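Within every chain, numbering begins at 1; the chains are lettered A, B, ... in the order of the sequence lines, protein sequences first and strands thereafter. The structure displayed is predicted, hence computed values, not measured ones.
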Amino acid sequence: MLRISTKSVDMDTIVSLCKRRGYVFPSSEIYGGLGSAWDYGPLGVELKRNVREAWWRANVQERDDVVGLDSAIILNPQAWVASGHVKGFSDPLVECLACNQRFRPDQVLAGEVVRFGTPPIVYFTTLNAVDYQREWARAQLAPGADSGTVMSASPPPRTFQQFDSKKLPCPFCGAIGQFTEPRQFNLMFKTFAGPVEDAASVVYLRPETAQGIFLNFQNVLTTTRRKLPFGIAQIGKAFRNEITPGNFIFRTREFEQMEIEYFVKPGEDEKPFQDWLQQRFNWYLNLGLRKENLRLRQHGKDELAHYAKDCYDVEYLFPMGWSELEGIANRGDFDLKQHSQHSGKDLSYFDEGTKEHFIPCVIEPSAGVDRSALAFLIDAYDEEEVKGEKRAILRLHPALAPIKVAVLPLSRNEKLVPLGREVYSTLRKSWMVQYDDAQSIGRRYRRQDEIGTPFAVTIDFQSLEDNMVTIRSRDSMAQIRVPIATLRGTLGKKLAGEAIEALPEGGVMWKTEEKQETAKA
RNA sequence: GCGGGUGUAACUCAGCGGUAGAGUGUUUGCUUCCCAAGCAAAAGGUCGAGGGUUCGAAUCCCUUCACCCGCUCCA
């Protein structure tokens with residue numbers, strides 16, 4: 001794809017364009033808005049639909065080892081107890097009153113923090129559970145040995161100390177005794193199922209779509225007769241009471257996820273994990289994100305959840321810096337094990353070959369629809385100089401562009417309109433197409449450039465005589481002239497990536513400059 | 001939640017005690033009109049909201065809401 005300039009764009013430019021052209025509106029705007037909520041307009045809804053479809057196509061339709069699912073947003077609350085979200089998806093935070101910085105107590109203390117009750121009393125220990133286990137195991141080995149097998153039961157319980165806000169120094173400004181008491185932030189939206197608002201009817205809006213997949217593991221297994229390895233894919237809304245939402249649609253409290261849980265036999269996780277990393281990274285590249293704006297970053301040990309074996313983020317260079325589009329985690333057998341324990345149901349897999357039962361391990365590529373859409377918009381945005389005027393273009397991949405083709409009669413002349421309408425109604429059967437006959441042709445090209453429409457079909461007076469129309473490329477502004485009979489097929493090829501210069505039977509190059517000079521002479 | 005900043009037309013902004021403005025965009029008409037064209041016209045604002053001071057408030061004061069930047073978290 002042709003790239004004339006590669007200058008970066010700031011978020012305000014994108015927000016403004018989105019509002020002005022109907023991609024994204026501030027939610028509840030006539031009531032003064034609602035923090036961090038955004039509505040997708042006529043173009044935005046198409047873009048998101050295209051992102052979802054591209055994802056579904058690559059991860060479900062074109063694979064024979066992944067099937068889809070659409071689980072409920074509201075699950076049995078026990079699901080969130082088992083997943084750890086009820087306890088763990090909340091963070092006690094302390095704030096330094098001297099410098100107004102906020103910390104998690106474990107960052108102040110460099111250890112693991114456990115909290116109880118509301119308000120929470122925070123306890124900490126200098127070692128987290130995994131390190132503790134490891135340290136303990138090492139202590140059991142013969143003196144001087146680096147490795148070996150420890151034949152013993154579990155280590156003794158760790159000792160915890162209570163967090164004391166009055167004695168600890170602030171890691172940022174060093175002030176002592178300036179911390180607030182730990183405050184609980186529960187990131188799950190809580191509501192009530194049924195008309196009575198009591199404790200027994202509390203339910204949560206899902207903070208991720210993944211758990212709905214784990215809950216249906218056995219259902220999918222038995223109904224589809226799948227064998228490991230296989231995956232379940234799901235797209236849907238999720239809700240998190242983020243402490244700090246922001247950066248436009250990057251972090252919102254209501255957002256949409258595209259998640260896969262890929263189940264593998266324990267010990268056979270490494271290759272599929274590496275495969276998923278590559279495939280997910282390439283998915284973004286194939287849809288047009290520039291390579292220099294995309295990277296794969298491995299999580300440090302301190303970033304990993306205690307059960308996770310490995311995790312990479314696909315990151316994009318947003319205006320506010322490198323930020324996560326997707327997390328791909330090698331999660332071990334934690335999830336199914338948790339649900340098996342809490343539900344009392346057997347979630348193991350029976351391997352016909354080896355005649356053994358085991359809990360499958362899970363690889364989880366988890367992407368954000370809204371974030372992807374934002375990255376595609378930002379990466380596609382371009383400005384160039386055309387005859388001293390600024391041309392703003394969204395160089396969106398044709399698969400993502402909300403409108404594929406614009407039909408533009410040269411003017412609103414009564415002779416041109418019927419043919420324009422006819423072409424429009426024919427093409428609409430294949431794609432999202434826009435018809436526009438208002439104002440000058442140049443202005444309409446620019447309008448389509450700005451919303452990312454890859455091709456414009458122009459009907460002129462000559463079309464009435466020779467039954468040919470021009471196709472104009474958004475990226476190069478080059479034009480060809482083709483018989484109307486071949487229009488649909490030709491556009492199909494162009495949208496699939498064929499060069500604009502490739503001509504169908506009876507087609508010709510259309511030379512704007514010569515024509516203009518002729519007209520002037 | 002805390003600190004700092006900003007709210008005026010669809011967008012970008014000016015005005016900062018005395019009749020609400022500009023550019024862009026949008027709409028309509030005319031022109032056989034191919035790259036933000038020309039000419040003519042029009043629509044569009046309870047100046048974020050509420051209260052106060054004042055003869056008079058977009059402008060000064062208070063409150064509130066939203067947004068932006070930072071801190072934490074994450075798709």
Side-chain angles (χ1 to χ4, degrees), chain A residues 11-13 15-22 25-37 89-97 99-104 107 172 180 183 185 187 207-210 237-238 240-253 255-259 303 313-314 320 323-329 364-372 374 386-392 408-413 415-416 438-450 456 458-464 470 472 474 477 479 481 510-513 515-516 519:
Chain A
M11 195 71 93
D12 288 346
T13 306
V15 173
S16 166
L17 188 153
C18 283
K19 172 85 191 293
R20 191 156 32 87
R21 293 301 185 189
F25 306 124
S27 185
S28 317
E29 202 179 6
I30 64 168
Y31 286 105
L34 176 66
S36 111
F89 216 68
S90 57
D91 289 305
L93 294 182
V94 295
E95 195 164 321
C96 173
L97 297 173
C99 64
N100 288 313
Q101 299 290 309
R102 232 184 327 173
F103 305 93
R104 288 193 343 226
Q107 291 176 331
F172 190 76
T180 61
R183 229 182 335 210
F185 287 82
L187 298 188
E208 61 176 27
T209 63
K237 292 263 179 135
R240 292 180 194 174
N241 239 326
E242 297 287 347
I243 305 159
T244 310
N247 286 319
F248 194 33
I249 53 174
F250 180 81
R251 183 179 290 112
T252 52
R253 297 201 167 98
F255 62 105
E256 195 162 3
Q257 292 183 305
M258 307 182 281
E259 293 194 293
E303 282 180 279
D313 284 347
V314 178
M320 66 282 188
S323 304
E324 181 185 2
L325 286 177
E326 170 160 356
I328 301 151
E364 181 191 81
S366 172
V369 178
D370 312 82
R371 285 179 181 189
S372 302
L374 180 59
V386 177
K387 294 176 183 168
E389 297 279 356
K390 188 182 90 175
R391 184 169 86 110
L408 314 173
L410 204 51
S411 77
R412 197 174 278 175
N413 185 286
K415 289 176 190 158
L416 288 179
Q439 303 167 319
S440 76
I441 186 69
R443 196 175 296 236
R444 281 176 281 156
Y445 283 146
R446 291 293 194 274
R447 202 147 51 201
Q448 294 299 332
D449 290 340
E450 200 182 17
T458 310
I459 290 118
D460 57 23
F461 292 96
Q462 205 187 323
S463 304
L464 299 171
T470 54
R472 180 257 194 192
R474 170 197 70 196
M477 299 193 288
Q479 281 178 285
R481 193 167 177 84
W510 202 84
K511 298 205 167 51
T512 316
E513 282 80 22
K515 197 119 188 166
Q516 278 175 331

How many Å lie between CZ on A:F248 and C1' on B:rA66, as a whole number? 15 Å
What does the list of N/O pairs under 3.5 Å between the protein and nucleotides 9-11 of chain B look like, with a distance for each?
residue, atom, partner, partner atom, Å
B:rA10, O3', A:K19, NZ, 3.2
B:rC11, OP1, A:K19, NZ, 2.5
B:rC11, O3', A:S16, OG, 3.2
B:rC11, O2', A:S16, OG, 3.0

Taking the C1' atom of each, how far is B:rG45 from B:rG15, in whole Å? 14 Å
Would you measure the distance from the P atom in B:rG7 across to the matching atom in B:rC47 and give it in whole Å? 15 Å
Considering only atom C1', compute the distance from B:rA36 to B:rC74 and round it to an integer number of Å. 41 Å
Just call it for A:F25: base, sugar-phosphate, or nothing, with non-hydrogen atoms closer than 4.0 Å on any strand. nothing
Under 4.0 Å between any heavy atoms, over every strand shown, what does A:T252 touch: base, sugar-phosphate, or nothing? Just pick one. base
Separation of the C1' atoms in B:rU31 and B:rG23, to the nearest angstrom: 26 Å
Could you list the protein-to-nucleotides 29-32 of chain B atom pairs, N/O on both sides, closer than 3.5 Å?
residue, atom, partner, partner atom, Å
B:rG29, OP2, A:R412, NH1, 2.9

Atom CD1 of A:I328 to atom C1' of B:rC74: distance rounded to whole Å? 15 Å
Can you tell me the pairing partner of B:rU12 across any strand shown, Watson-Crick or G-U wobble, with both distances under 3.5 angstrom? B:rA22
Residues that A:Y445 engages under ring-ring contact (aromatic ring centres under 6.0 Å, His included), provided they are two or more places apart: none
Between the base of B:rA36 and the side chain of A:R391, is there a donor-acceptor distance below 3.5 Å? no
Pairwise C1' distance for B:rU59 and B:rU54, with rounding to whole Å: 13 Å
Please state the C1' separation for the pair B:rA42 and B:rA10 - nearest whole angstrom. 16 Å
What residues, two or more places apart in sequence or in another chain, satisfy salt bridge (charged side-chain N to carboxylate O under 4.0 Å, His left out) together with A:R472? A:D449
Any N or O donor-acceptor pair linking the side chain of A:R240 to the base of B:rC74 at under 3.5 Å? no
A:D12 near the nucleic acid: base, sugar-phosphate alone, or nothing, with a heavy-atom cut-off under 4.0 Å? nothing
Is it the case that B:rC34 (base atoms only) and A:R472 (side chain only) share a donor and an acceptor within less than 3.5 Å, ignoring hydrogens and angles? no
Among all residues two or more places apart in sequence or in another chain, which pass the side-chain hydrogen bond (donor to acceptor under 3.5 Å, both in side chains) test with A:R447? A:D436, A:Q439
A:Q439 vs B:rU27: side-chain N/O to OP1/OP2 distance below 4.0 Å: yes
So does A:R391 get a backbone contact from the side chain of A:R446, meaning a donor-acceptor N/O pair under 3.5 Å? no
My understanding is that a pair needs two contacts under 3.5 Å, Watson-Crick or G-U wobble. By that rule, which nucleotide pairs with B:rC67? B:rG5
To the nearest Å, how far apart are A:M320 CE and B:rA75 C1'? 12 Å
Measuring only the P atom in each nucleotide, how far is B:rA20 from B:rG56? A whole number of Å is fine. 16 Å
Side-chain heavy-atom pair A:S372, A:M258 within 4.5 angstrom cut-off: yes
When both hydrogen-bonding distances must be under 3.5 Å and the geometry is Watson-Crick or G-U wobble, what is B:rU54 paired with, if anything? none
5' priority, RNA chain B, between A:R446 and A:E259 [closest heavy atom]: A:R446
Does B:rA43 have a Watson-Crick or wobble partner in any strand here, with both distances under 3.5 angstrom, and which is it? none
Salt bridge (charged side-chain N to carboxylate O under 4.0 Å, His left out) partners of A:E259, counting only residues at least two apart: none
Taking all heavy atoms of A:T209 and all of A:Q257, pick out the closest pair and write down the distance. N-OE1, 2.8 Å
Which is true for A:L17 with a 4.0 Å heavy-atom rule: it touches a base, it touches only sugar-phosphate, or it touches nothing? nothing
C1' atom, B:rG4 versus B:rG44: distance in rounded Å? 35 Å
Quick one: label A:T458 by what it contacts on the DNA or RNA (base, sugar-phosphate, nothing), any heavy atom closer than 4.0 Å. base
Pairwise side-chain contact, A:S463 with A:K415, heavy-atom cut-off 4.5 Å (strictly under): no
Within the 4.0 Å heavy-atom criterion, would you say A:S372 contacts the bases, only the backbone, or no part of the nucleic acid? nothing
